[in-house]
Amino acid sequence: MRHSAAHVMAQAIRELYPNAQFAFGPETDNGFYYDVKIPDGALKSEDLPKIEKIMQRISKGRHPFEKKDMGRNEALAFFTSQEFKIKALEGLLKDEQSVSVYTQDGFSDLCRGPHVEHTGQIGAFTIDRIAGAYWLGDSKNEPLQRVYGLCFATKEELKEYKTMMEEARKRDHREIGKKLELFSFHEEGAGFVFWHPRGLTIFNLLIEFIRAENGKRGGKEIKTPEILSVDLWHKSGHYDNFRDNMYFTTAEDKPYAVKPMNCPGSILVYKDGLHSFRDLPLRLMEIGHVHRFELSGVLHGLFRLRAFTQDDGHIYCAQEQVEGEISSFVDAVFSVYGVFGFEDITVFVSTKPEHAMGSDEMWENATAALKVALDKKGVQYKIKEGEGAFYGPKIEFNVKDCIKRNWQLGTIQVDFSMPERFGLEFVGSDGARHRPVLLHRAVLGSLERFLGIYIEHVAGLFPAWIAPVQAIILPVTDNQNEYAAQILAQLKAQGIRAELDLASERLNKKIRNAQLAKIPYMVILGEKEAESKNISVRLRSGENVNEIQVSQFTQTVGGLCASHSTLLWPEIPPQQATAAE
RNA sequence: GCUGGCGUAGCUCAGCUGGUAGAGCAGCUGAUUUGUAAUCAGCAGGUCGGAGGUUCAAAUCCUCUCGCCAGCUCCA
């Protein structure tokens with residue numbers, strides 16, 4: 001349907017620009033696009049509504065899509081005025097005996113199909129935007145204009161999608177990060193994030209959380225240097241495979257590299273001593289800060305940085321322990337994601353790529369171990385053929401956020417290559433030296449990216465346990481300032497991250513400011529509270545819990561935080577995350 | 001990196017075809033002492049991203065550069 005819509009769009013564009021040249025026009029996840037070239041001109045944004053209008057007309061005409069097979073030479077003759085179709089026939093399709101051509105309403109296009117029966121079946125669509133593209137996606141080739149359309153079976157779905165996009169725009173973590181004073185970016189360091197006090201509070205709480213999770217599961221934390229001799233990176237293979245993404249520096253004429261990954265450092269720690277089979281599996285975790293050079297055009301808020309922090313881990317184990325380690329890692333992933341409200345998790349197993357190290361037997365064993373571990377747990381997964389790392393197969397974990405976008409987070413990879421390159425060993429029960437298997441794993445991946453995703457997932461409405469400011473105290477008048485200061489001290493003494501608003505403003509304004517800062521608890525202190533020595537609490541969700549004791553508040557909040565609850569108050573349903581102001 | 005768009009006060013933005021900058025919010029000061037989403041008034045705040053150039057005159061035009069945004073770097 002979407003692909004058929006692309007043909008209809010091409011027809012509409014040809015009507016506006018009769019000599020338009022068409023390249024490729026496939027479907028996308030939510031619509032379609034077509035790459036076009038307008039000789040001696042360009043499509044303008046004013047053209048989009050016109051195109052859409054013509055498309056509506058064509059659609060209403062219910063013109064049938066007719067398929068015709070023709071020989072390659074016949075097609076070459078047929079498309080003489082379409083330079084890109086010729087190029088396609090002479091390039092990509094040069095080995096084909098015959099190709100197919102689809103025609104609707106007098107417009108013919110080279111196409112493998114299939115198509116819907118007639119143009120009335122292309123559903124609800126709209127022309128979205130124009131962007132730049134190149135013939136075959138190579139910037140050395142001729143520039144084209146890519147016209148994007150959205151297309152869904154029904155108007156309702158189209159509308160739903162538009163609403164979702166609007167919602168996504170409002171949740172943009174870059175905007176929320178600015179409004180909530182979490183972090184900033186500066187020209188002086190493109191691609192590097194500057195954490196502000198509130199953002200760093202969240203970041204540190206996240207580390208604290210993941211550190212505890214790792215510890216619970218037998219992880220031992222290490223920390224390795226950020227700059228290491230280039231020799232090490234030659235040995236690890238990063239210099240050969242990853243050099244373009246690395247930063248280099250020199251001191252005393254010796255070349256160094258800033259680490260883009262933590263594994264070589266971890267391996268040096270492992271190698272610093274002899275290991276018995278009794279030590280395995282050895283799970284070395286590292287909250288590692290890595291630098292990776294990325295092309296300027298791909299930088300994107302916290303999602304794509306040039307320096308970020310991984311909740312990395314390297315597990316050294318015997319071959320027969322791999323399955324068990326995978327199994328417990330999967331448990332960890334599901335458990336951790338659940339805490340953040342990511343319930344919809346998709347699992348992929350990526351298999352041997354074209355360029356790979358190690359024997360087929362090794363790959364088969366490792367891939368089988370991954371699959372068996374997942375099967376035994378009853379975890380459904382999909383295969384990504386040939387998408388594994390060059391050193392081993394991997395499992396990838398995707399989550400769906402509350403507006404149904406997919407994100408890849410954790411991964412666990414089996415590595416036979418590094419243990420070989422670095423000559424890793426352990427002494428087995430037989431007294432002989434054996435080679436351990438290395439598992440690379442990360443639950444959250446990049447903490448920065450994870451926080452970006454999480455910010456958008458909750459639209460900045462952090463649960464109490466990770467909210468940078470948990471409570472703000474709002475005296476109704478200056479007469480309560482002194483009482484408010486006492487309450488502040490009490491809350492802080494109980495470990496609540498609290499602040500006090502002493503501005504000479506009305507309560508309404510203070511509440512508004514607190515709401516905009518998305519602070520979970522507003523502690524309101526007026527004459528009544530000062531007298532009774534109680535506090536009244538307004539929840540961010542609008543509910544009130546009036547006239548309670550401070551200890552009741554701190555115990556309740558403490559309990560909710562300890563369990564990482566998403567509730568703001570017991571028995572009050574959690575706040576629906578919306579991007580509203 | 002490439003293509004296109006954008007860059008004006010801390011933030012969000014206005015500033016027509018060139019005549020050397022303006023609003024709201026935030027900030028500061030004062031008044032007000034207020035009970036569940038914006039009290040009033042005053043003040044202060046900008047080498048218009050940066051560097052060149054055209055011009056009597058540049059935020060406005062040109063060149064370069066930096067950054068941001070969208071897209072591309074799979075796909076008849």
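Computed over heavy atoms, backbone and side chain alike; hydrogens, waters and symmetry mates excluded. For clarity, every value in this text was computed on a predicted model and none was experimentally measured. Sequence lines set the chain letters: A, B, ... in the order given, protein chains first and strands last, and positions in each chain run from 1.
Heavy-atom nearest nucleotides on RNA chain B were determined for V99(A) and for K509(A), and the one closer to the 5' end corresponds to K509(A).
Taking 4.0 Å as the cut-off between side-chain N and carboxylate O, E166(A) and K162(A) do not count as a salt-bridged pair. In summary, E74(A) and K68(A) engage in a salt bridge, as defined by a charged side-chain N under 4.0 Å from a carboxylate O. Between K170(A) and E175(A) there is no salt bridge, since no side-chain N of the basic residue sits under 4.0 Å from a carboxylate O of the acidic one. Ionic pairing of E83(A) and K85(A) is not present here: no N-O contact between side-chain nitrogen and carboxylate oxygen is shorter than 4.0 angstrom.
Using a 4.0 Å heavy-atom criterion, one finds that G542(A) contacts no nucleic acid atom at all. Heavy atoms of R169(A) sit nowhere under 4.0 angstrom from any nucleic acid atom. Looking at heavy-atom distances under 4.0 Å, Y33(A) makes contact with a base. Among the atoms of the strands shown, base atoms are found under 4.0 Å from some heavy atom of N546(A). Within 4.0 Å of Q480(A), counting heavy atoms only, lies no atom of the nucleic acid at all. At the heavy-atom level, N544(A) lies under 4.0 Å from base atoms of the strands shown. Using a 4.0 Å heavy-atom cutoff across all strands shown, Y148(A) reaches sugar-phosphate atoms only and no base atom.
A 3.5 Å limit on both hydrogen-bonding distances identifies C72(B) as the Watson-Crick or G-U partner of G1(B). Pairing partner, C6(B): G67(B), with both Watson-Crick or wobble hydrogen-bond distances short of 3.5 Å. In a base pair of the Watson-Crick type (N1 to N3 plus N6-O4 or O6-N4) or a G-U wobble (N1-O2 and O6-N3), with each distance short of 3.5 Å, A37(B) is matched with no nucleotide. Remark: G46(B) base-pairs with no nucleotide; criterion is Watson-Crick or G-U wobble with both hydrogen-bond distances under 3.5 Å.
Look at the C1' atom in both A23(B) and U65(B): the space between them is 32 Å, to the nearest Å. On the P atoms, G7(B) is 13 Å away from G50(B), given to the nearest whole Å. Between the P atoms of G5(B) and C75(B), the separation comes to 26 Å (whole Å). The separation of C62(B) from G1(B), taken at their C1' atoms, amounts to 25 Å, rounded to a whole angstrom. Straight-line distance between the P atoms of U33(B) and A21(B): roughly 42 Å, to the nearest whole Å. Distance check on atom C1': U60(B) versus G49(B) gives 16 Å, rounded to whole Å. As rounded to the nearest Å, A14(B) and C6(B) have C1' atoms that lie 16 Å from one another. The gap from the C1' atom of G10(B) to that of G52(B) amounts to 30 Å, rounded to the nearest Å.
We find that CG of L299(A) is positioned 15 Å from C1' of U73(B), with the value rounded to whole Å. Distance OH (Y34(A)) to P (C75(B)): 14 Å, rounded to an integer number of Å. With rounding to whole Å, K510(A) atom NZ is found 11 Å from G35(B) atom C1'. Distance CZ (R506(A)) to C1' (C40(B)): 9 Å, rounded to an integer number of Å. N245(A) has its CG atom 14 Å from the P atom of G1(B), to the nearest Å. Atoms NZ (K528(A)) and C1' (U36(B)) sit 11 Å apart, rounded to a whole Å. Following rounding to the nearest Å, D501(A) (CG) and U34(B) (P) show an atom-to-atom distance of 17 Å. Counting to the nearest Å, the C1' atom of U73(B) and the CZ atom of R146(A) are 10 Å from each other.
Remark: M165(A) CE is loosely packed, at most 12 non-hydrogen atoms of other residues, nucleotides or ligands lying under 6.0 Å away. Within a 6.0 Å sphere centred on NZ of K533(A), heavy atoms belonging to other residues, nucleotides or ligands number more than 12.
In this structure, N546(A) CG and K528(A) NZ are separated by 6.5 Å, a value rounded to the nearest 0.5 Å.
The aromatic rings of Y247(A) and F192(A) are tilted relative to each other, their planes meeting at an angle between 30° and 60°.
Counting only distance, with no hydrogens or angles, the side chain of E543(A) and the backbone of L539(A) share no donor-acceptor pair below 3.5 Å.
For K178(A), a side-chain nitrogen or oxygen approaches OP1 or OP2 of U12(B) to under 4.0 Å. Between R174(A) and C11(B) there is no side-chain N or O to OP1 or OP2 distance below 4.0 Å.
Ring-centre distance between F194(A) and F183(A): not below the 6.0 Å cut-off. Taking the six-membered ring wherever Trp is involved, the centroid distance between the rings of H173(A) and F303(A) falls below 6.0 Å. Ring centroids of W233(A) and F242(A) are separated by 6.0 Å or more, keeping the two rings apart.
Comparing G1(B), A37(B), G35(B) against the side chain of L507(A) picks out G35(B) as the nearest.
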**Asked** For nucleotides 27-33 of chain B, read 5' to 3', which letter fits each nucleotide if B means a protein heavy atom sits under 4.0 Å from the base, S means only the sugar-phosphate is that close, and - means neither?
**Response** ----BBB

Tabulate atom names and distances for all N/O pairs under 3.5 angstrom spanning the protein and nucleotides 65-67 of chain B.
unit_1: C66(B); atom_1: O2'; unit_2: E187(A); atom_2: OE1; d: 3.4

